[in-house]
Amino acid sequence: MGYEVWGLVRGQANPRVRHLRKLLGDVRLIRGDLLDQGSLIAAVERVQPDEVYNLAAISYVPLSWQQAELTGEVTGLGVLRVLEAIRVCSGISASRSPGSGQIRFYQASTSEMFGQASQVPQNEQTSFHPRSPYGVAKVYGHFLTQNYRESYGMFAVSGIMFNHESPRRGAEFVTRKVSLGVAKIKLGYERQLRLGNLSASRDWGFAGDYVRAMYLMLAQDAPADYVIGTGVTHSVEKLVDTAFRAAGLNWRDHVVTDAAFIRPAEVDRLCADPAKARDELGWEPKIGFEELIEMMVDADLELLAATDGSAGEEFATDSW
Ligand code: F7E
């Protein structure tokens with residue numbers, strides 16, 4: 001789309017940089033950390049962005065119970081620090097509103113904010129009942145984004161994104177754990193896949209479709225929040241069945257349930273009502289559930305075959 005993209009990278013000798021360079025060689029990198037206000041101000045000053053997309057977070061829900069304080073700092077207060085960096089660098093205050101060429105801000109909000117949802121499907125008016133420290137931290141970021149819009153007139157919006165997946169998904173999340181597991185079993189590297197709750201349901205879509213929605217949200221005349229999801233929900237069991245079938249296998253021969261993957265509090269059922277995004281953004285997902293899962297299984301079969309299975313070890317999820 002002609003964008004010059006900068007990516008924020010944290011830490012010293014971050015091992016993800018090598019991976020990122022391979023995947024996205026033309027993304028320029030800049031150091032910064034959501035825990036460090038000064039580094040974010042310096043990054044915004046250096047890059048002078050037109051748009052900022054905050055996709056950074058501790059995003060793996062089980063980790064948020066083990067590192068609840070850090071999750072609050074990064075996933076919650078990190079949003080405050082990014083908004084403050086934009087506000088300070090733009091010279092915005094209670095008495096000085098942003099000008100017309102202001103920096104536009106996108107916050108990655110999440111369906112995990114609905115948690116134990118009071119209604120199905122969930123839309124922009126549905127109340128929040130988060131079920132994990134992750135969900136609670138995201139609610140803070142969501143309301144703060146709304147508050148900066150209302151307090152300072154900033155173009156700051158949240159996309160309430162339901163689960164979005166692709167072959168690049170981290171191996172600890174269930175879709176990728178399953179697609180990698182299927183590939184390892186199909187190619188003879190493993191015989192078993194250990195999973196947690198098979199009866200939870202999620203509205204799973206393709207990440208590429210969701211990134212298009214993020215872009216569209218920042219391209220509007222007026223800032224607003226949107227629910228982004230497919231409107232179709234499936235159980236984890238259905239996901240497992242679809243993935244094993246895609247490789248010509250029967251999941252019942254290989255899947256074992258393991259209490260280690262059961263969460264202290266579960267989100268049982270999520271399903272989006274994306275009507276506002278469809279009507280106002282003209283957004284619709286292009287890739288459906290089965291196509292998505294088959295895409296992920298095919299990609300992992302190819303990855304493992306090309307690396308004689310060694311890529312599978314890199315993605316070992318037994319300890320998660
Ligand atoms: O779990 C169940 C698990 O970890 C989905 C993040 O991107 O989407 C993601 O959050 C479901 C849950 O994603 C295993 O109990 C069963 O009900 O893939 P997940 P998530 O927790 O829904 C939202 C929108 C975000 O914002 C998050 O950042 O699958 N499940 N067995 C399992 N889940 C995992 N990870 N591993 C299992 O073995």
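Values below: every heavy atom of this structure, side chains too, minus hydrogens, waters and symmetry copies. Every number for a ligand or one of its atoms is a count from 1 in the order of the listing.
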Open item on the list: Check for me whether K138 has a heavy atom closer than 4.0 Å to any atom of ligand 1.
Closed with: no
Task: Close-contact set for ligand 1 against Y60 heavy atoms, below 4.0 Å - done: 35 (N)
TODO: For A200, counting its heavy atoms only, list the atoms of ligand 1 lying under 4.0 Å from any of them.
DONE: 17 (O)
Task: Y152 six-ring face occupied by R87 cation (under 6.0 Å, within 45°) - done: yes
Task: Contact partition for M113 relative to ligand 1, non-hydrogen atoms under 4.0 Å - done: neither
TODO: Please work out whether the ring planes of F128 and H142 are parallel, tilted or perpendicular, with thresholds of 30° and 60°.
DONE: perpendicular
Open item on the list: Could you tell me, atom by atom, which parts of ligand 1 come under 4.0 Å of a heavy atom of V236?
Closed with: 2 (C), 29 (O)
- [ ] Show which atoms of ligand 1 fall inside a sub-4.0 Å distance from at least one heavy-atom site of F261.
- [x] 38 (O)
TODO: Using non-hydrogen atoms of the residue, decide whether E237 is closer than 4.0 angstrom to ligand 1.
DONE: no
Task: Which atom of E124 lies closest to which atom of V227, heavy atoms considered - done: OE2-N, 2.8 Å
- [ ] Could you see which bit of F173 sits under 4.0 Å from ligand 1, with heavy atoms only: side chain, backbone, both or neither?
- [x] both
- [ ] Mind checking whether V61 contacts ligand 1 via backbone (N, CA, C, O), side chain (CB onward), both or neither, at a 4.0 Å heavy-atom cut-off?
- [x] side chain
Open item on the list: The criterion is salt bridge (charged side-chain N to carboxylate O under 4.0 Å, His left out); which residues satisfy it with R131, sequence neighbours excluded?
Closed with: none
Open item on the list: Which residues pass the side-chain contact (heavy atoms from CB on, under 4.5 Å) test with R212, not counting sequence neighbours?
Closed with: D209, W283, K286
